[in-house]
Protein chains: 2
Amino acid sequence: MPRPRSLTPEQLASAALAVIDRDGLAGLSMRAVAKELGMSTMGLYRYVADRDELERLVVERVLGAVDTEPPEPGAPWRERVTVLAGRLRATVGAHPEVVPLTVTHRHHSLGVLRWSETVLAVLTEAGVEGERRVVVLRALLGYVIGAIQLEHLGPLSGPGTTALAALPAAEFPLMAATARDARTVDADREFLGGLALLLDGITV
Amino acid sequence: MPRPRSLTPEQLASAALAVIDRDGLAGLSMRAVAKELGMSTMGLYRYVADRDELERLVVERVLGAVDTEPPEPGAPWRERVTVLAGRLRATVGAHPEVVPLTVTHRHHSLGVLRWSETVLAVLTEAGVEGERRVVVLRALLGYVIGAIQLEHLGPLSGPGTTALAALPAAEFPLMAATARDARTVDADREFLGGLALLLDGITV
DNA sequence: CTTCGTAGGCGTATGCCGTACGCCTACTAG
DNA sequence: CTAGTAGGCGTACGGCATACGCCTACGAAG
């Protein structure tokens, strides 16, 4: 075997992630990443087939970092699911600019698969099985990724809330009121509160 | 006032949507939309400041089409929320290629705002108010957009399910089993089942 | 130690893209 | 009729992803 590869996929992903964290998602380009690595643009193509594959590496780098160790085996299953959901949220939250990429590439992520496997273990232990387990897992995953996006891309958190409070009161009286109420609900409470609703529903 | 505008924003959005539905999201370009409208590329810029604004028009065109009329006033609130959620899902489902765009531009959508207002009316009538109403609305919206994305961008539906069933059984025994179980759960049951869990949680 | 095959890496070139800019044209209000 | 504004077009530029072909560095086989 001649000449070992000098760059690992992990190094590629880290370089791309550094570009994104510094210049935003719009700053991501093959040229920028190559420069970040100190190599020529075309050198990159020795490691990835195209930009899409590079994006997949970035998503896997971010999502693969989620801690999927089974949390505190003694704890009630609700708490364990909550811990797992919180970990996924925190992992993505560390790189908010990547969120739009995760939307398109999530399904290739081993990290999410491992996370799901751990969640399934907790659910199974709690007696959830068969088709119900399918539905519950999908509901949890759906809620978590939706909530993450609302948190990082939506209004109702930060400046959006005040913008929303200024809506035409005639047409959106309840939205305006809700935006006002939302000022005292921080992102953590919102995420955990919604998750608690879902967990309540699973308990029933 | 000289010379009236010859194109409405709605016409612009429809042309762009036609391009997307025909050539996919990747086929969307200022040139393609201009050609679709039978005008020169730069003519488009009389109507939109940039591509971003065109995308926003498309999202608004799609999301604005959701029926936000209060559903059957006599029905229980659970059913009414279910109907509203289903409408949003169906509206987006009519143009799956647009889903990634909705992620980045949803917050500008009057359609979603109107939808939320109607949901809030139902919730309020059901006795949900204050901070709890904030959390419930966000949870519902989070679940619905997350579920829509899982449905249109994820595996576990269609070919993804079988791909998932072929995972290394040693590392993902539960995922494999769940993928097998998922074959008998269609997208409707999955969506409605998860939503029912959330509604159960709200009821508690 | 030599040789040879493979992968690494680079530069060039192509064809898209968004869009800045300046021109002529069609229209309508006075 | 005339003036002024908005509509519309063509050209041009810089940045993008990437196909292609070249030289180079390396490690294994002889």
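In this text the structure is predicted, and so the values were computed from the model without any measurement. Below, chains carry the letters A, B, ... as their sequence lines are ordered, and counting in each starts from 1.
In this structure, CG of A:Leu37 is placed 11 Å from P of C:dC10, rounded to the nearest angstrom. Between B:Gln11 atom CD and D:dG7 atom C1' the separation is 15 Å, expressed in whole Å. Regarding B:Arg46, its CZ atom lies at a distance of 13 Å from the P atom of C:dA20, rounded to whole Å. Look at NZ on B:Lys35: it is 14 Å from C1' on C:dC17, rounded to the nearest Å. When the P atom of C:dG8 is taken as reference, atom CG of A:Leu7 falls 10 Å away, rounded to whole Å. As rounded to whole Å, 13 Å separates atom P of D:dA6 from atom OH of B:Tyr47. Going from atom CG of B:Leu25 over to atom C1' of C:dC17 covers 14 Å, rounded to whole Å. Regarding B:Leu44, its CG atom lies at a distance of 16 Å from the C1' atom of D:dA6, rounded to whole Å.
Once rounded to the nearest 0.5 Å, the distance linking NE2 of B:His95 with CG of B:Leu63 reads 10.5 Å. From B:Thr104, atom OG1 reaches atom CZ of B:Arg56 across 11.0 Å, with rounding to the nearest 0.5 Å. We find the CG-CZ distance between B:Leu28 and B:Arg51 to be 4.5 Å, quoted to the nearest 0.5 Å.
A cation-pi arrangement is absent between A:Arg114 and B:Phe172 under the rule of less than 6.0 angstrom and at most 45 degrees off the ring axis.
For C:dC17, one of the phosphate oxygens OP1 or OP2 lies less than 4.0 angstrom from a side-chain nitrogen or oxygen of B:Ser29.
Defined by atom type and a distance below 3.5 Å, a donor-acceptor pair is present between the side-chain atoms of A:Glu131 and B:Thr184.
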Produce the list of close N/O pairs, under 3.5 Å, pairing protein atoms with atoms of nucleotides 18-20 of chain D; give distances to one decimal.
unit_1 : atom_1 : unit_2  : atom_2 : d
D:dT18 : OP2    : A:Tyr45 : OH     : 3.1
D:dT18 : OP2    : A:Arg51 : N      : 2.8

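In this structure, the side chain of B:Arg31 does not engage the main chain of B:Thr41 through any donor-acceptor pair within 3.5 Å.
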